[in-house]
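Down below is the structure, laid out as structure tokens.
All of these numbers come straight from a predicted model, not from anything done at the bench.
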Amino acid sequence: MSVADIFNNMPGRFQADKAAGANMGILFDLSGDEGGQYYVNIADGKLNVSQGAPAAAPQATVKMTAADFAAMSSGSLNPRIAFMTRTIKLGGDLTSAMTFHTLVA
């Protein structure tokens, strides 16, 4: 599955029933083949994905390679281990990034 497919399928994996009161924007800045920027916004019980950086600053930024993102999305790369080994670099609000993961995992 391509990185674009992963982001396109994200709204279908979103667990709206667990998202009460969640309002956040996460920017994924992916490098390498299939890389690019994807912005995921959660508000009012809905998840929306757009390509490119948002006009306003996101709550968190996730930087990693597109290959590592695909591996994490498929379950073959553990997000906690990737964070501890600096495979993933997080900027901004760490709590938002962790909450996001629980809402789409």
Side-chain angles (χ1 to χ4, degrees):
M1 181 177 289
S2 74
V3 169
D5 289 338
I6 294 167
F7 280 103
N8 288 336
N9 290 324
M10 210 172 271
R13 293 190 344 250
F14 178 60
Q15 298 176 42
D17 58 324
K18 295 181 180 178
N23 289 299
M24 66 187 74
I26 311 288
L27 176 64
F28 290 84
D29 189 0
L30 308 177
S31 60
D33 290 344
E34 294 190 51
Q37 292 185 322
Y38 293 86
Y39 180 65
V40 180
N41 187 55
I42 296 174
D44 302 321
K46 295 183 180 162
L47 181 145
N48 293 300
V49 177
S50 58
Q51 207 165 3
Q59 278 80 10
T61 300
V62 178
K63 291 186 179 186
M64 62 192 314
T65 68
D68 287 336
F69 176 77
M72 188 175 65
S73 297
S74 72
S76 63
L77 176 62
N78 183 304
R80 288 183 177 94
I81 292 172
F83 177 72
M84 290 187 297
T85 59
R86 306 273 303 147
T87 301
I88 297 173
K89 295 180 179 112
L90 294 174
D93 182 21
L94 180 60
T95 302
S96 290
M98 292 175 72
T99 300
F100 167 80
H101 177 72
T102 63
L103 295 175
V104 296

Student check: side-chain heavy atoms of I42 and N23 closer than 4.5 Å: no
Heavy-atom check, side chain of T99 versus side chain of M24, under 4.5 Å: yes
In residues 86-97, what donor-acceptor pairs under 3.5 Å come from side-chain atoms, sequence neighbours left out?
from	atom 1	to	atom 2	distance (Å)
T87	OG1	T85	OG1	3.0
D93	OD1	T95	N	3.3
D93	OD2	S96	N	3.4
D93	OD2	S96	OG	2.6

Nearest-0.5 Å distance that lies between atom OG in S73 and atom CZ in F7: 7.0 Å
Check: T65 and S31 side chains under 4.5 Å, non-hydrogen atoms: yes
Any N41 side-chain heavy atom under 4.5 Å of P54 side chain: no
E34 side chain vs A66 backbone, donor-acceptor pair below 3.5 Å: no
Min side-chain heavy-atom separation D68-L77 under 4.5 Å: yes
Within one Ile-Leu-Val-Met-Phe-Trp-Tyr cluster: V3 and M72, side-chain cutoff 4.5 Å: yes
hydrophobic_cluster_shared for V40 and M98, side chain cutoff 4.5 Å: yes
Student check: side-chain heavy atoms of L30 and Q37 closer than 4.5 Å: no
Pair F69 and Y38, ring centroids less than 6.0 Å apart: no
Backbone of M1 reached by a side-chain donor or acceptor of D5 within 3.5 Å: no
Main-chain N/O of A4 paired with N8 side-chain donor or acceptor, under 3.5 Å: yes
Residue pairs fulfilling ring-ring contact (aromatic ring centres under 6.0 Å, His included) with at least one residue in residues 78-105, sequence neighbours excluded: F28-F100
Point-to-point distance, once rounded to the nearest 0.5 Å, from CG of N9 to OG of S2: 8.5 Å
Non-hydrogen side-chain atoms of V62 and D29 separated by less than 4.5 Å: no
Atom CG of D17: over 12 foreign heavy atoms under 6.0 Å: yes
Within one Ile-Leu-Val-Met-Phe-Trp-Tyr cluster: Y39 and V49, side-chain cutoff 4.5 Å: no
Same cluster (ILVMFWY, side-chain, under 4.5 Å), I6 and L103: yes
